*Asks:* 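Let me begin by handing over the structure; questions about it come next.
In this chain, residues are counted from 1 in sequence order. Predicted model, so just to flag it, every value in this text is computed and none were measured.
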Amino acid sequence: MPRNRTLLAVLAATGLLAGCADYLNHYETVTLAAGDAQKHNRLLHTVDPFNPASKVTAIPTDGQRAADAVKNYRTSQQAKPPPPANVTVNLGTNN
């Protein structure tokens, strides 16, 4: 008798879960995040969403340092020539 009850409980649980398995494929909204109007409005009405440090335009460096950085960047991007090929080919002996 306990085996039949266990089997019946497993079948009932499986039947209940089978009805919910395809829920995510048939929801009525465009995305799962639809309906977050309060969150959207809060983000929309944020006065200044940027980091305060992004307003600092005075970069504390001189032009020479920036020019050196550009030069290093440009020279590091150039293709390096391939190493010389030191290949020895053995063609065999002529008999």
Side-chain angles (χ1 to χ4, degrees):
M1 210 41 126
R3 183 175 181 199
N4 289 341
R5 286 186 183 176
T6 307
L7 181 62
L8 183 62
V10 169
L11 287 176
T14 317
L16 289 173
L17 291 176
C20 301
D22 206 28
Y23 172 73
L24 291 177
N25 291 332
H26 297 289
Y27 52 89
E28 296 178 358
T29 59
V30 177
T31 66
L32 291 175
D36 291 339
Q38 293 172 346
K39 184 177 179 183
H40 172 75
N41 288 335
R42 186 173 5 138
L43 292 174
L44 184 67
H45 292 109
T46 302
V47 175
D48 193 6
F50 295 108
N51 185 350
S54 66
K55 293 181 180 178
V56 177
T57 58
I59 300 171
T61 185
D62 57 347
Q64 185 60 44
R65 184 172 177 188
D68 290 343
V70 170
K71 179 182 172 188
N72 289 337
Y73 176 76
R74 287 183 178 160
T75 57
S76 68
Q77 299 298 318
Q78 292 177 353
K80 295 180 176 80
N86 294 331
V87 178
T88 304
V89 179
N90 186 3
L91 299 177
T93 58
N94 291 333
N95 288 335

*Asks:* Mind checking what makes side chain to side chain contact (heavy atoms under 4.5 Å, CB included) contact with Asp62, not counting sequence neighbours?
*Replies:*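 Asp62 satisfies side chain to side chain contact (heavy atoms under 4.5 Å, CB included) with Gln64, Arg65 once adjacent residues are dropped.
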
*Asks:* Taking only residues two or more places apart in sequence, or in another chain, which ones meet Gln38 in a side chain to side chain donor-acceptor pair (under 3.5 Å)?
*Replies:* none

*Asks:* With Lys55, which residues qualify under side chain to side chain donor-acceptor pair (under 3.5 Å), at least two apart?
*Replies:* Asp48

